[in-house]
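One structure is given below, encoded as structure tokens.
Letters A, B, ... mirror the listed sequences (proteins, then strands); counts begin at 1.
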Number of protein chains: 2
Amino acid sequence: MNVDRQSGQDLDAPTAGPGDGVSIAEAARLSGVSVHTLRYYERSGMMPTTPARTSGGTRRYRKAELEWIHTCTKLRSLGMSTDLIRRYVDLVRAGPGNEADRLHLLEAQRERVLAQQAQLSMDLEMINGKIQTYRERLEQGSADGIWSVPREP
Amino acid sequence: MNVDRQSGQDLDAPTAGPGDGVSIAEAARLSGVSVHTLRYYERSGMMPTTPARTSGGTRRYRKAELEWIHTCTKLRSLGMSTDLIRRYVDLVRAGPGNEADRLHLLEAQRERVLAQQAQLSMDLEMINGKIQTYRERLEQGSADGIWSVPREP
DNA sequence: TCTTGACTTAGAGCGCACTCTAGATTCTAG
DNA sequence: CTAGAATCTAGAGTGCGCTCTAAGTCAAGA
């Protein structure tokens with residue numbers, strides 16, 4: 001059985017009984033995002049499946065939701081916009097048959113990330129150059145001419 | 001003589017005579033940022049030196065400003081906040097003697113970029129895995145079980 | 001049962017980095 | 001000299017991705 005060590009809840013339970021899944025606070029702790037953000041993701045259509053509810057209406061996050069949140073945070077940290085994630089989620093919710101579209105969204109994001117990595121590496125050379133220059137000048141006791149303001153004669 | 005090919009202006013001229021430097025539109029074209037952004041950078045204290053002005057008050061960008069804008073856009077694309085850039089610019093404007101502080105700002109930014117690159121690479125593995133899975137399933141004509149919504153029995 | 005803390009919703013607020021506007025002034029080609 | 005394009009300033013507006021609030025409901029231990 002697949003059980004959360006903290007809450008002792010069965011993450012795979014098929015129904016929304018009172019003891020199934022974990023609370024939103026626990027889901028937040030497990031995924032590293034705030035409860036506010038979890039609710040925001042849900043109401044803005046960024047969850048392929050929404051957490052089950054107890055009879056009182058409180059959310060119970062299970063394996064599917066927790067795994068998606070994990071994926072979702074990775075897509076976000078790869079720079080994928082909430083709008084694109086919504087589009088991806090819409091495809092998933094539409095069910096089988098649009099896998100090529102989903103693939104295309106992911107591949108497009110990968111291309112953006114690769115481009116960004118290349119850009120970062122290029123711009124890093126610049127900052128490394130400046131760091132190197134500062135270090136050399138500091139060894140000599142002077143940093144003139146890097147970005148000092150020229151004095152009027 | 002250092003001359004802009006487009007405007008034919010002397011970028012090194014020491015005084016703010018009417019024909020020295022380039023207009024803000026030309027500076028924008030050369031640096032790839034908008035004229036709005038150039039004015040914003042200036043008034044929010046992100047320019048170590050401000051462009052000279054004609055007698056009528058219009059800006060004339062010269063080599064120093066154009067080079068800084070170039071550096072500044074790279075720092076921005078490395079994710080350095082405008083606040084940190086302002087701090088760096090303040091140090092530069094304060095003149096020689098704080099090179100260690102400047103160096104520290106740049107090194108801290110480099111550390112953040114290196115961490116971000118590592119994170120991007122890690123998260124990219126996830127997206128690559130999903131892309132790979134989708135491709136395989138598409139070859140088989142099915143993408144069930146990646147992020148499909150389970151049907152109720 | 002009671003109490004305390006966690007949870008609910010809809011909607012407002014925030015921080016960042018621009019981006020645009022209005023209305024006046026300046027520049028430049030003819 | 002003149003017309004039209006470019007520029008000026010201070011300040012307002014925008015889009016993104018959260019983040020927080022208010023006013024109430026629910027859950028769980030003593």
Side-chain angles (χ1 to χ4, degrees), chain A residues 6-9 16-47 50-61 65 69 72-89 109 112, chain B residues 6-9 16-47 50-61 65 69 72-89 109 112:
Chain A
Q6 185 89 1
S7 64
Q9 299 304 338
D20 299 331
V22 298
S23 72
I24 191 168
E26 184 66 2
R29 196 190 61 78
L30 288 170
S31 61
V33 308
S34 73
V35 295
H36 300 293
T37 300
L38 288 180
R39 292 196 195 102
Y40 161 71
Y41 281 176
E42 185 177 336
R43 76 175 140 167
S44 64
M46 290 166 71
M47 298 290 291
T50 52
R53 299 294 182 114
T54 65
S55 55
T58 68
R59 291 171 178 83
R60 296 269 103 188
Y61 288 83
E65 289 84 34
I69 294 163
C72 189
T73 56
K74 284 187 184 299
L75 291 176
R76 288 289 303 119
S77 79
L78 283 172
M80 193 163 176
S81 71
T82 58
D83 193 68
L84 284 174
I85 291 177
R86 250 184 296 279
R87 218 166 301 186
Y88 182 78
V89 166
Q109 188 59 41
R112 278 187 291 271
Chain B
Q6 186 90 359
S7 65
Q9 299 305 339
D20 299 329
V22 299
S23 72
I24 192 169
E26 184 66 3
R29 195 189 62 78
L30 288 170
S31 61
V33 308
S34 73
V35 295
H36 299 294
T37 300
L38 288 180
R39 293 197 195 100
Y40 160 72
Y41 280 177
E42 186 177 333
R43 77 172 140 168
S44 63
M46 292 167 70
M47 298 289 290
T50 52
R53 300 294 183 114
T54 64
S55 54
T58 68
R59 291 171 179 82
R60 296 269 103 187
Y61 289 83
E65 289 84 34
I69 295 163
C72 187
T73 56
K74 283 188 183 300
L75 291 175
R76 287 290 304 119
S77 78
L78 284 172
M80 193 165 178
S81 70
T82 57
D83 193 67
L84 284 174
I85 291 177
R86 249 184 296 280
R87 218 166 301 187
Y88 182 78
V89 165
Q109 187 59 41
R112 278 187 290 271

When the distance from [atom1] of [X] to [atom2] of [N] is rounded to whole Å, what number comes out?
X: B:L84; N: C:dC16; atom1: CG; atom2: C1'; result: 13 Å
X: B:R60; N: D:dA6; atom1: CZ; atom2: P; result: 14 Å
X: B:L75; N: C:dC18; atom1: CG; atom2: P; result: 12 Å
X: B:R29; N: D:dT7; atom1: CZ; atom2: C1'; result: 18 Å
X: B:I24; N: C:dC27; atom1: CD1; atom2: P; result: 14 Å
X: A:I69; N: D:dG17; atom1: CD1; atom2: P; result: 18 Å
X: A:R86; N: D:dC18; atom1: CZ; atom2: P; result: 10 Å

Does a side-chain heavy-atom distance below 4.5 Å link [X] with [Y]?
X: B:R76; Y: B:V33; value: no
X: A:C72; Y: A:I85; value: yes
X: A:M47; Y: A:L38; value: no

Where the side chain of A:T82 is defined as all heavy atoms beyond and including C-beta, which of D:dT19, D:dG17, C:dT8 is the nearest nucleotide?
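Closest nucleotide among those given: D:dG17.
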Picking from C:dC7, C:dC27, C:dT9, which would you name as closest to the side chain of B:T54?
C:dC27
Residues in contact with DNA chain D, drawn from residues 36-47 of chain A - heavy-atom cutoff 4.0 Å:
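Of all residues in residues 36-47 of chain A, the ones placing a heavy atom under 4.0 Å from DNA chain D are A:H36, A:T37, A:Y40, A:Y41, A:R43.
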Counting just side-chain N and O atoms, does B:R59 come under 4.0 Å of either OP1 or OP2 of D:dT7?
no
Does A:R76 make a side-chain N or O approach to OP1 or OP2 of D:dC18 shorter than 4.0 Å?
yes
Is the shortest side-chain N to carboxylate O distance from B:E42 to B:R39 below 4.0 Å?
no
If you assign each of A:G57 and B:V35 to its closest nucleotide in DNA chain D, which residue comes earlier from the 5' end?
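Counting from the 5' end, the first nearest nucleotide belongs to B:V35.
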side-chain contact (heavy atoms from CB on, under 4.5 Å) assessment of B:R59 paired with B:R53
CA-CA 5 Å; B:R59 291 171 179 82; B:R53 300 294 183 114; 3.3 Å; yes
Separation between CZ (A:R87) and OG (A:S81), nearest 0.5 Å, reads 7.0 Å
Under the rule for side-chain contact (heavy atoms from CB on, under 4.5 Å), what residues qualify as partners of B:R43, not counting sequence neighbours?
none
